[in-house]
Amino acid sequence: MYRYDEFDERVVRQRVAQFREQVGRRIDGSLTEEEFLPLRLMNGLYLQLHAYMLRVAIPYGTLDSRQMRQLALIADRYDRGYGHFTTRQNIQYNWPRLRDAPDILEMLADVQMHCIQTSGNCIRNVTADHFAGVAADEVEDPRPTAELIRQWSTLHPEFSFLPRKFKIAVTGSAEDRAAVAVHDIGIRIVRNAAGEVGYRIIVGGGLGRTPMIGKTVREFLPKDELLAYLEAIMRVYNLEGRRDNKFKARVKILVHELGAEAFIARVEEEYARLDGPSLNVDPAELARIAAYFAPPAFEALPEGSAVLDQAAARDPDLARFVRVNLYPHKMPGYTAVTVSLKPIGGPPGDATSDQMRALADIAERFSLDELRVTHIQNIVLPHVKLDEVPQVWAALVEAGLASANAGLVTDIIACPGMDYCSLATARSIPIAQEIAKRFADPDRQQLVGPLGIKISGCINACGHHHVGHIGILGLDKAGIENYQITLGGDPGNEASLGERLGPGIDAEQVPDAIERIVDTYLELRHADGESFIDTVRRVGLDPFKPVLQPKEPARAAA
Amino acid sequence: MAAGKRAALPLVLTASDLLDGDVVFYAGAGWARGLDEAAVAADEAQAAQFEAILAETEAKGDPVAPYLMTVRIDADGALVPGHVRERIRSRGPTIRTDLGPQARQERQHVSV
Ligand code: SF4
């Protein structure tokens, strides 16, 4: 785990003290709301539908047990006993009070956490593959790179007032689990023909009103040139990104309007002008950061586990959990366990303070004290011994966290939607809950196989609906919630945007429509267990279109 | 709220409490936490008065983010927000009926 240096510590503590004073001045009336608004947003404090909302950054989704316990304590002391894990690998509290916000920030600072740059037109929390340091197909752990970017971008004076918010994701694996193609900048750690490690840089992806897949602007950037090159991209964007229209201000629009070629030319021109060596990080500093992410002290264990095999043979529920929620670890005898925050009928991504504490205890005892928050709104225990999976599973069952649905049809991403969010045009969570109930039968879920449903409550697309195998977008149609369904989106290596299946439908019709989409897929898929997304890619949308038509009463055959 | 068409009659004035973010409604003398206590503007003259209070509130900045919201009055005389968003905002999350104003009301119902 990365530990703050003195500089980080001082910056965060100073910020808490400043915010305490600002809140005090707001409450005593010496700051107007207009003056205060940007200050509270800079500290992650929003005003939502029912209350304030505080967004806490979890850099690259990595937490230790102490931090998770603190998040639980904050939920109990200052909120309503729960938190919401988001698609940005962050956590949000839905009910904090303004006067408590400085105390919450103080508690976060005690465990080296903060809310800086979780809002506003700046470089936001950097996300990364949740199986970092675990996956066997990894060229390199993405977190030292993400941490370097975090340090470089935190309070960067030149990039604090960008045309719009800016999101960066990093993956070090052959399989992209960080959705890098739909970020403002996506970074893939790759090896070139000579075997050297470097970066493929992708710019201009994004979701929202105008979804786009990012363009590769550099196939291979030598590792030590990263910061100067990012600086060049940011400068071009900062200068040329549109500030006249909020909806056209993201870098994706600049890349699109200029064209990839011209954008690359500008970046390269800017890059040539920069004094690279003064901007790039000293290799010693890079090594210092990387040391924090050195592999933990794994034990030498045999492949496989007789203990686990025997336990799974005795207990079909455990066997199912093992089949669905375990991810292979690069170290023999270890596995990564996905803890689903998607119980059937529960709000996706929510965890109670008791569950957070249970996760902290389990991580401390069984996962080398590490936890990851995934952009799919689940938690990962990255380093669990196969032998100890039965104990971990038993503890998860106890905490109500043993849903065996990772990656399946009920593992739904849903943004807070109109139940919490003041920007929403429709609810998301109840839609997710109703769909999950339809597919509650675990055998049916497994029969259907991998299928990602993603739901957003407005065009801002926090629920990533464009890259859902099935995407659902909630809109307002003359005061009534209305849902558009898209098929064929994918956030991974072959990133694609979903296509609209047809006109929007009412909330009550959504679960039926999804069931019929899934049934149609089951009829069409190849016998070898072709996945949903592969089937949609092969057959196109046409066979699915009839599902949106209201079921006609059976007519007598002519 | 963007300038332009004012919310249709009848309407109430709503905002968020500065200190705790709770949804509040203008209740004639001060601000109340339940929609049932809200003062209603039923005609243009009252609506104009509400607009003046809205401007005053904005200038004062407490409560925060005030705006006018259309309601209808149901058969029992209860106020019902016109739009689904406002219905959810005035009651609390539909997926957590133990939270928000709806929970306060339930507790009151139990104790009364
Ligand atoms: S997608 Fe829209 S409704 Fe959902 S959280 Fe984002 S802004 Fe709110």
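So that the names make sense, note that chain A is the first sequence line, chain B the second, and so on, each numbered from 1.
- Heavy atoms closer than 4.5 Å to chain B are found nowhere in A:Glu34, neither backbone nor side chain.
- B:Ile95 has its side chain out of reach of A:Arg427: every pair of non-hydrogen atoms, C-beta onward, lies at least 4.5 Å apart.
- For a residue to count as touching a neighbouring chain, one of its non-hydrogen atoms must lie under 4.5 Å from one of that chain's; by this rule A:Pro347 touches chain B with the side chain only.
- Between the side chain of B:Arg85 and the backbone N or O of A:Gly479, no donor-acceptor pair lies under 3.5 Å.
- Proximity to chain B (any heavy atom under 4.5 Å) is restricted, for A:Asp476, to the side chain, taken from C-beta onward.
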Exercise for the section: Check the pair B:Leu99, A:Tyr82 against side chain to side chain contact (heavy atoms under 4.5 Å, CB included), reporting the backbone distance first and the verdict last. Expected result: CA-CA 12 Å; B:Leu99 297 172; A:Tyr82 73 105; 3.5 Å; yes

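- Proximity to chain B (any heavy atom under 4.5 Å) is shown, for A:Pro416, by neither the backbone nor the side chain.
- Neither the backbone nor the side chain of A:Tyr78 comes within less than 4.5 Å of any heavy atom in chain B.
- With a 4.5 Å cut-off on side-chain heavy atoms, A:Asp419 and B:Arg96 do not count as touching.
- Residues of residues 39-51 of chain A having a heavy atom under 4.5 Å from any heavy atom of chain B, listed by number: A:Leu47, A:Leu49, A:His50, A:Ala51.
- A:Tyr52 contributes a side-chain N or O that, together with a main-chain N or O of B:Leu18, makes up a donor-acceptor pair within less than 3.5 Å.
- The candidate from A:Glu33, A:Met418, A:Arg80 with the greatest count of non-hydrogen atom pairs under 4.5 Å with chain B is A:Met418.
- Proximity to chain B (any heavy atom under 4.5 Å) is shown, for A:Thr425, by neither the backbone nor the side chain.
- Atom OG1 of B:Thr94 is separated from atom CD1 of A:Ile429 by 8.0 Å, given to the nearest 0.5 angstrom.
- In terms of non-hydrogen atom pairs under 4.5 Å with chain B, the most contact-rich of A:Gly29, A:Ala426, A:Ser422 is A:Ser422.
- If you tally non-hydrogen atom pairs under 4.5 Å between each of B:Ala65, B:Ala59, B:Gly21, B:Ser16 and chain A, the highest count goes to B:Gly21.
- The structure places CZ of A:Arg97 at 10.5 Å from CG of B:Asp17, a figure rounded to the nearest 0.5 Å.
- Taking a 6.0 Å sphere around CD of A:Glu35, one finds it holds more than 12 heavy atoms contributed by other residues, nucleotides or ligands.
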